[in-house]
Amino acid sequence: YEVKTDAGEILLCVPRGKKSVFACGDRVQVAGTGPGQGVIDKLIERTSLLYRSDAWRQKLIAANATQVVLVVATEPSFSDEFLSRCLCAAESQHLKTLIVLNKADISAGLENSRALLAPFAALGYPILELSALGDVDALRERLVRFAAALVGHWRAGLAQTALLSSALFSGASGSSVANAAFGAKVMAPALVARGYPPAHAAAIVAGASTIGPVIPPSIPFVLYGAITSVSVSRLFLAGAIPGVVMGAAMMAAIWLMAKPRGLPKDPRANLQEILISFKEAFWPLMAPFIIIGGITTGFFTPTEASVVATLY
């Protein structure tokens with residue numbers, strides 16, 4: 001188990017005894033056994049305990065929770081029966097509950113989702129509809145403008161912009177799929193319009209997308225850490241330098257191929273244009289630093305980081 005001490009240190013601990021069962025959120029007393037290691041001596045009394053139950057088994061989810069946020073989406077459609085079970089578990093512990101309907105921009109599934117949630121709204125449960133589509137598009141545009149101001153005047157400037165903007169966007173998405181969708185929607189058509197062969201434009205977008213899972217924060221790193229009990233903060237730090245090296249190598253490859261292929265470049269941006277684009281992109285650029293900094297310093301967990309990033 002990973003145990004966070006009052007001083008903010010993360011210890012890898014084992015329970016004392018064979019049948020000890022702990023949950024995320026438990027408060028415990030530990031004794032150090034070595035650098036970064038310890039033994040769990042005592043479980044402090046829990047104030048609440050959440051279980052996920054069905055007809056066959058009961059699984060301990062979390063302890064000492066004070067509020068439950070249940071996130072469902074318009075697509076794929078969710079089960080109102082499963083949502084009811086979650087609400088029953090929360091009510092049994094007298095916990096405040098918020099239901100969040102994500103992907104509210106998908107009109108095809110919105111009305112059906114609202115119909116499924118109508119009985120819960122009638123019972124007085126607060127329901128929040130969210131969509132990040134517009135905010136993500138605005139974020140992309142700011143990052144692209146900043147990347148173009150920095151490297152647009154290089155050989156194959158638009159291709160370099162596509163690569164750098166993808167690397168910057170990786171710090172907000174952490175996903176190669178999101179990067180590929182971003183490149184296919186925004187950068188690939190622009191590259192073809194500037195005279196890049198479609199196959200070349202696709203190769204640039206595909207290559208740039210591979211940086212997403214390496215540059216922190218990374219969704220695959222979080223999943224790997226959760227499955228293998230490896231420190232997510234250490235995985236993030238381990239991916240930073242390889243991600244930068246990958247990006248620099250790709251930019252060098254594009255630069256070397258630019259002259260033989262006659263790829264165009266844009267006029268050099270002056271200092272004022274760079275500063276203006278940096279000012280516009282400042283808040284999106286800060287997102288990965290806030291997430292990584294908070295996790296590595298122990299200020300919040302990877303799970304809590306997702307909430308912080310959403311609010312940010």
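- Once rounded to the nearest 0.5 Å, the distance linking CG of L49 with CG of D26 reads 7.5 Å.
- Note on Y224: it clusters hydrophobically with F236, by side-chain heavy-atom contacts below 4.5 Å among ILVMFWY residues.
- Contact check for T66 versus T47: no side-chain heavy atoms found under the 4.5 Å cut-off.
- I274 and M251 fall within a single hydrophobic cluster, where Ile, Leu, Val, Met, Phe, Trp and Tyr side chains are chained together by heavy-atom contacts under 4.5 Å.
- How far OG of S229 is from CG of L12: 8.5 Å, rounded to the nearest 0.5 Å.
- Between D6 atom CG and R27 atom CZ the span is 10.5 Å, to the nearest 0.5 Å.
- With L116 as the fixed residue, the side chain to side chain contact (heavy atoms under 4.5 Å, CB included) test singles out one of D80, L101, L83: D80.
- Contact detail for V39 and R16: the closest heavy-atom pair is CG1-NH2, 3.4 Å.
- V68 has its side chain out of reach of C86: every pair of non-hydrogen atoms, C-beta onward, lies at least 4.5 Å apart.
- Side-chain atoms of N102 and F78, non-hydrogen and from C-beta on, never get closer than 4.5 Å to each other.
- In this structure, T74 contributes its side chain and L110 its backbone to no donor-acceptor pair below 3.5 Å.
- Taking each heavy atom of Y196 and A159 in turn, the nearest pair found is OH-N, 3.6 Å.
- When the side chain to side chain donor-acceptor pair (under 3.5 Å) test is applied to T33, no partner is found at least two apart in sequence or on another chain.
- Here CZ of F120 is found 11.5 Å from OG1 of T97. Values are rounded to the nearest 0.5 Å.
- The two residues R46 and A63 make their nearest non-hydrogen contact at NE-CB, 4.0 Å.
- Between atom CD1 of residue I254 and atom CG of residue L163 there is a gap of 5.0 Å, rounded to the nearest 0.5 Å.
- Put simply, the side chain of D41 never gets that close to the backbone of Q29: no donor and acceptor are under 3.5 Å apart.
- Partners of Y125 according to the side chain to side chain donor-acceptor pair (under 3.5 Å) rule, which considers only residues two or more places apart in sequence or in another chain, are E91.
- In terms of heavy atoms, Y51 sits closest to A89 at O-CB, 3.6 Å.
- In terms of heavy-atom proximity, P126 sits nearest to L98 at O-CD1, 3.5 Å.
- Clustering ILVMFWY residues whenever any of their side-chain heavy atoms sit less than 4.5 angstrom apart, transitively, puts V69 in the very cluster that holds L128.
- Across A73 and S113, no two heavy atoms sit closer than the pair O-OG, 4.1 Å.
- Hydrophobic clustering, with ILVMFWY side chains joined whenever heavy atoms are under 4.5 angstrom apart, keeps I227 apart from V230.
- The number of heavy-atom neighbours closer than 6.0 Å to CD1 of I241, taken from other residues, nucleotides and ligands shown, is 12 or below.
- Shown here are the side chain to side chain donor-acceptor pair (under 3.5 Å) partners of R114, two or more places apart in sequence or in another chain: E111, E129.
- In the displayed structure, E81 atom CD is contacted under 6.0 Å by at most 12 heavy atoms of other residues, nucleotides or ligands.
- Looking at heavy atoms from C-beta onward, S48 lies in side-chain contact with L95 at the 4.5 angstrom threshold.
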Inset, instruction - Under the side-chain contact (heavy atoms from CB on, under 4.5 Å) rule, what do L11 and Q37 come out as? Steps first, then yes or no, please. - result: CA-CA 5 Å; L11 300 178; Q37 297 180 339; over 6 Å; no
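- Linking ILVMFWY side-chain heavy atoms closer than 4.5 Å, directly or via other members, places L235 and Y1 in two distinct hydrophobic clusters.
- Atoms CD1 and CE, on I215 and M246 in that order, are 8.0 Å from each other to the nearest 0.5 Å.
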